[in-house]
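Quick caveat: nothing in here was measured; it's all calculated off a predicted structure. In what follows, chains carry the letters A, B, and so on, assigned in the order in which the sequence lines appear, proteins first and then strands, with residues in each chain numbered from 1.
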Amino acid sequence: MTILDTTNVALPAGWLRTLSGRGSAALARAGRQLLLPLTGILLFVGFWQLAAPQVNTSLGSFPGPAQVFDQAGQLWQEHVNQRARADQFLAMQEARNARLLDANPDAEVKLRSYPGAPTFPDQVATSLGTVLAGFVLATVIAVPMGIVFGLNRHFQAAVNPLIQVFKPVSPLAWLPLVTMVVSATYVSDDPLFEKAFLTSMITVTLCSLWPTLINTSVGVAAVNPDLLNVSRVLRLSFASHVRKVVLPSSVPMIFTGLRVSLGIAWMVLIAAEMLAQSPGLGKFVWDEFQNGSSQSLSRIMVAVLTIGLIGFLLDRLMLLIQKQVAWNE
Amino acid sequence: MNSERIRGMTPARTTAHTEVIPMTKSHLELTGIEMAFDTPKGPFVALDNVNLKIRKGEFVSLIGHSGCGKSTVLNIVAGLLQANKGGCVLDGREVNSPGPERAVVFQNHALMPWLTVYENVELAVQQVFRKTMSRQRRKDWIHHNLELVNMAHAANKRPGEISGGMAQRVGIARALAMKPSVLLMDEPFGALDALTRAHLQDSLMDIQQELNNTVIMITHDVDEAVLLSDRIIMMTNGPAATVGEDLHIDLPRPRNRVTLADHPGYVHYRQEVLKFLYEKQRKLENLSQRRTASATTNQQARASDEPGAARA
Ligand SMILES: Nc1ncnc2c1ncn2[C@@H]1O[C@H](COP(=O)(O)OP(=O)(O)OP(=O)(O)O)[C@@H](O)[C@H]1O
Ligand SMILES: [Mg+2]
């Protein structure tokens, strides 16, 4: 599907195995497999290094690879420091509470969490949580709906125009509506989720469910007619028919849809977080942009690379699951 | 089991093209079948007034030029298609929906690609004998049927990992495992090479001798028809096809393809069929054209009208 979809990505393990075991031909192949992507990356970094100083912005020249790498370390260091402070803060509270309880066993003690701003890894974790929640919700909606549409031609004809119209809608268009609806309907004194989380999650769901929905319905509608006849000859009940024939037969198509959906979900999430100011990587980027310090561009660049890397890893993860589940792999 | 057959004697039977054993009610009876398909150019009458009576344990072949309506007849018996007029009665009961007592062997095995060989047969056995067989007996029954077609060794393989001939055997095992009163086969060996085909024909003869199933088989192969059948039903060309001739094959069983080749009866029957196909019902239109035309109509995949679908 993508250019990187070859085996060269799972390199380290395969590379080591070939080094230790097989003959020189395999070694050469592995070398080539490692060499080409590596060359590509090096060329890119070189170009970046050369081109970056030529681009001047109001915040100084565009950051080169070294500065970005530096900032990545910095962001990690900030995270480590913050953690240490949080631990300290907690330890202090516990010590104080212990003292209070010593003096008066009935004393009311409280533990407050550390009030510091979320660090970069925290934002990454938040984004991952949100995207997974949105994606799972999209799957839970899209797969059953896709099955229903795929099984029934008339139903499909009825909803097809709706799907075609809603599919291309950008998350930015949904977001204000979702925000308003969430604020109006999700009123609770003790909210289980933050509103910002819900808003970005629902936006992700709305934008990412279409590929799964379409692929599921297409997969379900395209079950081999012979297999449908087998099901009829066996007089399978509707439930068994769906469970034992239709669903397994469409698993490969469903998974292709799921992979596309997850990719869209991740892309949409960053935009949604940016616009909705809900915690996550998008907000991190936006905050840095507003901040406008001399390091901002480097920090945004770290975020950009992280977003890309995570998107890539998510796709790999789906592929791995697909290989476990789908019969045609 | 049919003792006459074991001794290799010819059952007393009329060779004329008339009713067989009028005193008993037939096992399977098609009367006045008319089948018209709706097409954009109006209704297309594929079958007109098809009448057929089949006795229990009989092996019947349907032969005729491509597109004459053999599959349509078979699908009506299977209950997968509904005739516009006339009806099909099996053991005194009208057939109007598919069921496991009329098991179908499809041309392209139609095994579930995600299930193993064993699981494919299991799916059928589970469905048919869930209430009447214990779990252990079902298991034995599945193995028994796989052994019958010599496929027990590949029980844990997926259809994608076995050859076409092997998959076809499994398809037959699955059908037999339903203990059908009629076994329906639509060109079961059509997609196989000559050697595999001969091998499976022999297995099928053995199995049919042993189980005495009623079989209706569609074939394009004259030798196959004569070798396997008790009767060959020759269909006229469509549209509005019907039964043209009904040829009884009185050859001793068990039959051996090598010794049979010189048997005068065999040569005669073969000639009868060839005469019907290439003299009486000579196809005027180009056969290969017809084939491709019908192949394209079959492939009207609904999926193709979905441009937005991503494919792996
Ligand atoms: N669903 C359908 N709609 C319209 N026409 C059909 C349909 N199914 C079959 N036909 C037509 O009915 C005729 C008989 O078809 P059928 O498939 O029974 O032929 P056949 O004898 O089995 O041919 P073959 O030997 O090529 O398999 C053909 O002319 C075919 O085009
Ligand atoms: Mg046919």
Side-chain angles (χ1 to χ4, degrees), chain A residues 1 5 146 149-150 153 156-157 160 163-164 167-168 210-237 240-241 244-261 263-264 319 322 325-329, chain B residues 71 74-75 77-81 97-116 119-130 158-161 167 171 174-175 177-178 180 182-184 186 298-312:
Chain A
M1 194 159 261
D5 233 3
F149 298 162
R153 249 176 220 263
Q156 176 148 34
N160 204 30
I163 295 180
Q164 301 297 343
K167 192 174 63 130
W210 309 108
T212 306
L213 178 62
I214 292 172
N215 266 39
T216 305
S217 71
V218 170
V220 166
V223 178
N224 179 346
D226 276 355
L227 299 187
L228 295 182
N229 280 339
V230 170
S231 171
R232 289 178 68 195
V233 167
L234 287 174
R235 292 212 181 108
L236 292 184
S237 66
S240 320
H241 172 66
K244 294 182 175 169
V245 180
V246 170
L247 210 52
S249 162
S250 15
V251 154
M253 276 295 269
I254 294 178
F255 261 90
T256 310
L258 284 175
R259 273 179 72 193
V260 177
S261 278
I264 289 180
L319 197 68
Q322 181 172 15
V325 178
W327 45 270
N328 67 339
E329 292 291 335
Chain B
S71 297
L74 198 87
N75 286 336
V77 178
L80 294 166
L81 280 179
S97 70
E101 76 282 358
R102 282 161 283 122
V104 185
V105 176
F106 296 89
Q107 177 164 10
N108 289 311
H109 64 71
L111 298 176
M112 313 282 164
W114 55 90
L115 295 181
T116 63
E119 289 164 340
N120 263 290
V121 181
E122 187 184 33
L123 179 69
V125 171
Q126 201 95 301
Q127 184 64 18
V128 181
F129 301 112
R130 196 179 24 198
R158 299 259 175 99
E161 301 165 333
R174 174 175 65 185
M178 302 176 204
V182 184
L183 187 61
L184 303 170
D186 194 344
N298 289 342
Q299 286 170 352
Q300 286 167 342
R302 287 165 63 192
S304 57
D305 55 22
E306 262 301 357
R311 280 173 197 282

Would you be so kind as to tabulate the donor-acceptor pairs closer than 3.5 Å made by side chains of residues 99-108 of chain B, with sequence neighbours excluded?
unit_1  : atom_1 : unit_2 : atom_2 : d
R102(B) : NH1    : V77(B) : O      : 3.1
R102(B) : NH1    : A78(B) : O      : 2.7
R102(B) : NH1    : S97(B) : O      : 3.2
R102(B) : NH2    : S97(B) : O      : 2.8

> Taking every heavy-atom pair that is under 4.5 Å apart, which of D226(A), V220(A), N224(A) has the most such pairs with chain B?
Replying inline: D226(A)
>> Please classify the contact of L111(B) with chain A as side chain, backbone, both or neither, using a heavy-atom distance under 4.5 Å.
In response: backbone
> Under a 4.5 Å heavy-atom cut-off, does chain B meet the side chain of P211(A), its backbone, both or neither?
Replying inline: neither
> By a 4.5 Å heavy-atom criterion (distance strictly below it), what part of N229(A) contacts chain B: side chain, backbone, both, or neither?
Replying inline: both
>> Please check this pair: side chain of Q127(B) against backbone of A124(B), looking for a donor-acceptor N/O pair closer than 3.5 Å.
In response: no
> So, do E119(B) and E122(B) sit near enough that their side-chain heavy atoms are less than 4.5 Å apart?
Replying inline: yes
> Taking C-beta and beyond as the side chain, do M253(A) and V218(A) meet within less than 4.5 Å on heavy atoms?
Replying inline: yes
>> If the condition is side-chain contact (heavy atoms from CB on, under 4.5 Å), which residues does V245(A) pass it with, not counting sequence neighbours?
In response: V223(A), L227(A), S231(A), L236(A), H241(A), M112(B)
> Under a 4.5 Å heavy-atom cutoff, which of L123(B), V128(B), L115(B), N75(B) has the most pairs with chain A?
Replying inline: L123(B)
